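The structure appears below as structure tokens.
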Amino acid sequence: MKYIIIGTAGHVDHGKTALIKALTGTDTDRLKEEKARGISIDLGFASLPLGPDITAGIVDVPGHERFLKNMLAGTGGIDLVMLVIAADEGVMPQTREHLAMLSLYGVKSGVVAITKIDKVDPDWLALVEEDIAAFLAGTFLAAAPRLRVSAVSGAGLAELKATLLAAASIVATRDSQAPFRLWIDRAFTVKGHGAVVTGSVLSGTAGVGDSLRLYPAGTLVRVRGLEWHGEKSENIRAGQRAAINLGGTGSEDVGRGMALSAADRGHTSTVWDAVADWREEIPAATRVRLHLGTGEFLARVHYFKDQPSRFVRLILEQSLPAGLGDRGIIRRYSPQHLLGGVTLLAPGTNSRRLRPARLQLAAAIATADPLAIIAAVLVDLDQPAQREDIGQAAGYINDAVIDAALVRLADTGTCVRLGEYYLDATVLAALGERLATVLAAYHREQPDRPGLAREILRRKLGLKERPFDALLAHWRASGAIHVSGADVALKEFASRHSDWRQDVVAKAEAALEDSGLTGIDWQALAGKMSLPADKIKAAQEILLRQGTLVRIGEILVYRKTIQNIAGLIQKHFAANPTLTVAQLRDLLATSRKIALPLLEYFDLHKYTIRDGDTRRPGPKLRDLSE
Ligand SMILES: Nc1nc2c(ncn2[C@@H]2O[C@H](COP(=O)(O)OP(=O)(O)OP(=O)(O)O)[C@@H](O)[C@H]2O)c(=O)[nH]1
Ligand SMILES: [Mg+2]
């Protein structure tokens with residue numbers, strides 16, 4: 001079974017509701033006030049089985065201009081429009097306005113019903129039809145079927161239904177495998193059941209027991225029960241009108257303009273970058289009404305320093321839960337008239353410039369090609385991204401379609417996969433260049449340091465920890481960098497630096513060969529090593545870090561000297577049970593000033609164990625003798 005949503009449109013009193021009633025038997029004017037005044041105020045809903053395999057849900061909208069907000073809430077998610085024009089009045093202001101809005105919403109197909117033909121004579125009808133043809137020329141309904149009907153006499157109804165069936169069969173089927181999404185158009189409480197919401201399912205499937213998110217709040221809610229046009233159902237899917245009994249929320253917290261969605265899809269933000277299609281251009285910061293989904297969101301429109309007015313940033317007064325490619329209508333806050341339409345790209349930043357990647361995103365959305373869209377999403381993400389991040393940024397695109405696109409992009413080398421991360425090849429190249437620049441600058445400024453601390457490098461590259469680790473592993477494997485401990489260096493620098501380091505160590509070892517049991521005079525050693533003045537400090541650091549020299553209290557001691565002293569202490573313990581500072585001083589023929597810190601060093605490293613004023617052998621010393 002194929003399910004589609006048909007929306008009505010047209011001037012007030014032109015016979016939309018009467019036509020729906022004649023077609024379906026359902027009176028979509030539910031409200032007392034609607035019945036009393038004879039006009040529609042809010043949205044009405046009906047079901048129209050068009051054929052054995054196609055059923056349409058109908059959203060009947062009010063034509064009066066005062067209720068345009070409701071009309072726009074109903075029109076956000078339709079597949080097909082039935083534009084109703086009364087034969088006696090012909091094209092009227094809201095006929096025009098509704099058509100303009102439908103086109104800005106991106107509705108692509110429809111049927112024109114010229115109704116109330118029982119009220120006019122053939123000559124008049126011919127004139128009105130000429131008018132209508134001229135009015136539709138150049139619009140998306142230019143080639144749409146036009147039918148003469150009467151809700152009163154029933155004339156043309158069978159043909160209208162057949163035409164709707166034909167149009168419905170060629171409308172693209174909504175993707176019931178894509179993530180679930182429904183904009184709420186009504187919310188109420190049913191005694192004993194709690195909150196019930198209704199809406200048109202834009203994509204995906206939901207079943208009783210499923211968990212969904214209620215946006216913009218992001219509340220986790222549960223599907224307790226489902227109805228489809230008054231019948232209980234276990235599942236609902238894309239293209240159906242649904243009533244959903246929700247657990248996890250009261251009806252007072254739910255209303256029109258909120259959305260039910262699969263988790264982690266799209267974004268909830270007060271700042272959105274978008275492409276506009278202006279009917280009337282407005283100055284920056286003008287207060288507007290953005291109609292998107294079933295909601296109306298107050299916002300201000302801003303332009304970018306470096307882009308034409310086609311690109312806008314919407315700064316909203318409340319959060320808008322939406323996804324890439326969503327289309328909305330912009331009206332002036334007051335007086336309320338149509339200004340244009342927008343297609344959302346992604347949440348905006350606080351820069352006055354549009355990120356260049358957003359141009360590619362806009363172009364890709366315009367092609368509607370998922371491969372181009374996913375490629376552009378990767379560029380826009382500008383960081384290594386996990387599969388979930390890509391899904392979220394891609395809005396409500398089917399996961400299988402995203403996966404297939406990622407595979408193809410990887411095959412062509414457009415996308416690079418690093419473990420659980422994906423990134424665009426040009427993004428990777430740009431990050432690689434940044435890495436090289438940052439490290440080269442560091443090596444220039446700090447030629448004696450082995451490399452830049454990982455954490456500082458990460459922050460300089462503006463990366464989060466885990467993606468940074470993935471990139472580091474990649475750069476290491478590709479031979480661009482050398483990582484030693486917490487230091488990262490360009491490979492080339494690292495090998496030069498390590499040559500120099502080895503050289504320093506070798507020179508020091510040679511110069512220290514006959515240093516005896518004393519502390520080291522660094523100036524004398526540096527002299528023997530004939531180090532250039534600007535390298536003396538760096539060389540000492542290297543020798544200390546390498547362990548060639550050990551700092552004990554105030555003095556520097558050669559690594560081998562410590563081993564020799566440990567040997568002497570061991571010998572001493574072979575003949576004596578304890579060792580004192582004075583004994584060590586005599587053993588080494590040195591001063592107490594040197595013997596004391598030495599002994600503390602041996603305590604610390606477990607060569608000796610301190611008992612008051614004396615020492616006994618420690619475990620490390622025993623290791624030595626084994
Ligand atoms: N003679 C005649 N009257 C019709 C026909 N269709 C509708 N009407 C009458 O026209 C009036 C308006 O009809 P509705 O169906 O309420 O018009 P609507 O387009 O739904 O109006 P709004 O929802 O308020 O925009 C009603 O009095 C209907 O009885 C028709 O085919 N022939
Ligand atoms: Mg009506």
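One-based numbering, in listed order, for ligands and for the atoms of each. Just so you know, residue 1 is the first one in the sequence shown, and it goes up from there. It should be emphasised that the depicted structure is a prediction, and the values quoted were computed from it without experimental measurement. Keep in mind that the numbers below use all heavy atoms, side chains included, and drop hydrogens, waters and symmetry copies.
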| message | Does either side chain, that of D60 or that of T8, offer a donor lying less than 3.5 Å from an acceptor on the other one? | response | yes
| said: If we ignore hydrogens and angles and just use 3.5 Å, is the side chain of R148 paired with the main-chain N or O of A87 as donor and acceptor? | reply: no
| task | Output yes when the distance from some N or O of ligand 1 to some N or O of H14 is under 3.5 Å, and no in every other case. | result | yes
| note | So the atoms of ligand 1 within less than 4.0 Å of a heavy atom of K119 turn out to be 1 (N), 2 (C)
| request: Taking atom types as modelled, find out whether R331 and H291 have a side-chain donor-acceptor pair closer than 3.5 angstrom. | output: yes
| query | Pick from K108, R174, K2: which one makes a salt bridge (Lys or Arg N to Asp or Glu O under 4.0 Å) with D79? | reply | R174
| query | Which residue from V152, I114, V12 reaches closest to atom 3 (N) of ligand 1 through any of its heavy atoms? | reply | V152
| said: Could you check whether S319 and Y215, counting side-chain N and O atoms only, form a donor-acceptor pair closer than 3.5 Å? | reply: no
| Hey, what do you get for OG1 (T75) to CG (L104), rounding to the nearest 0.5 Å? | 12.0 Å
| message | What I want to check is whether the side chains of S200 and R241 have a donor and an acceptor closer together than 3.5 Å. | response | yes
| said: When you compare ligand 1 with L19, is there at least one nitrogen or oxygen pair between them that comes in under 3.5 angstrom? | reply: no
| Does an N or O anywhere in I117 fall below 3.5 Å from an N or O of ligand 1? | no
| said: Considering both backbone and side-chain atoms of P62, is one of its nitrogen or oxygen atoms within less than 3.5 Å of a nitrogen or oxygen in ligand 1? | reply: no
| query | Does the side chain of T249 come under 3.5 Å of the side chain of T219 through a donor N or O and an acceptor N or O? | reply | no
| query | Are D273 and R355 close enough, and set up right, to give a salt bridge (Lys or Arg N to Asp or Glu O under 4.0 Å), and what steps lead you there? | reply | CA-CA 10 Å; D273 288 350; R355 297 183 37 202; over 6 Å; no
| field | Residue pair D175, R181: steps toward the salt bridge (Lys or Arg N to Asp or Glu O under 4.0 Å) verdict | value | CA-CA 11 Å; D175 191 347; R181 188 189 204 189; over 6 Å; no
| task | Find all atoms of ligand 1 within a distance of less than 4.0 Å from any non-hydrogen atom belonging to I39, and give their numbers and elements. | result | 24 (O)
| task | For A18, take its heavy atoms, then give the atoms of ligand 1 lying under 4.0 Å from any of them. | result | 6 (N), 7 (C), 15 (O)
| message | So for ligand 1, is D13 a polar contact partner (N or O within less than 3.5 Å, distance only)? | response | yes
| request: Could you tell me the residue and atom name of the protein heavy atom closest to atom 13 (O) of ligand 1, and the distance to it rounded to 0.1 Å? | output: G15 CA, 3.7 Å
| What residue and atom, counting heavy atoms only, is the protein's closest point to atom 23 (O) of ligand 1, and at what distance? | S40 OG, 2.7 Å
| message | Between R387 and D399, does the salt bridge (Lys or Arg N to Asp or Glu O under 4.0 Å) criterion hold? Intermediate values first, please. | response | CA-CA 10 Å; R387 178 61 182 75; D399 275 321; 2.9 Å; yes
| message | Could you tell me, atom by atom, which parts of ligand 1 come under 4.0 Å of a heavy atom of T17? | response | 15 (O), 18 (P), 20 (O), 23 (O)
| said: Assess the residue pair D264 and R213 against the criterion (salt bridge (Lys or Arg N to Asp or Glu O under 4.0 Å)); give the C-alpha distance rounded to whole Å, side-chain angles, the decisive distance to 0.1 Å, and a yes or no. | reply: CA-CA 9 Å; D264 302 327; R213 292 277 169 182; over 6 Å; no
| From CZ (R313) to CZ (R358), nearest 0.5 Å | 7.5 Å
| query | Nearest protein heavy-atom contact for atom 10 (O) of ligand 1: which residue, which atom, what distance? | reply | K116 NZ, 3.1 Å
| note | Within 4.0 Å of some non-hydrogen atom of D118, the atoms of ligand 1 are 1 (N), 2 (C), 30 (C), 31 (O), 32 (N)
| request: List the closest protein heavy-atom neighbour of atom 16 (O) of ligand 1: residue, atom name, distance to the nearest 0.1 Å. | output: G38 O, 3.9 Å
| message | Does the protein come close to atom 29 (O) of ligand 1 - that is, does one of its heavy atoms sit below 4.0 Å from that atom? | response | no
| field | Atom indices of ligand 1, in the order listed, that fall short of 4.0 Å to a heavy atom of T115 | value | 31 (O)
| Atoms (protein N, O or S; no water) under 2.8 Å from the Mg ion (ligand 2) | 2
| query | Can you tell me if H337 and E280 form a side-chain donor-acceptor pair at under 3.5 Å? | reply | yes
| request: Evaluate the 4.0 Å heavy atom contact test for atom 26 (C) of ligand 1: does a protein atom fall under the cut-off? | output: no
| request: Under 4.0 Å from a heavy atom of A151: give me the atoms of ligand 1 that qualify, with their elements. | output: 6 (N), 30 (C), 31 (O)
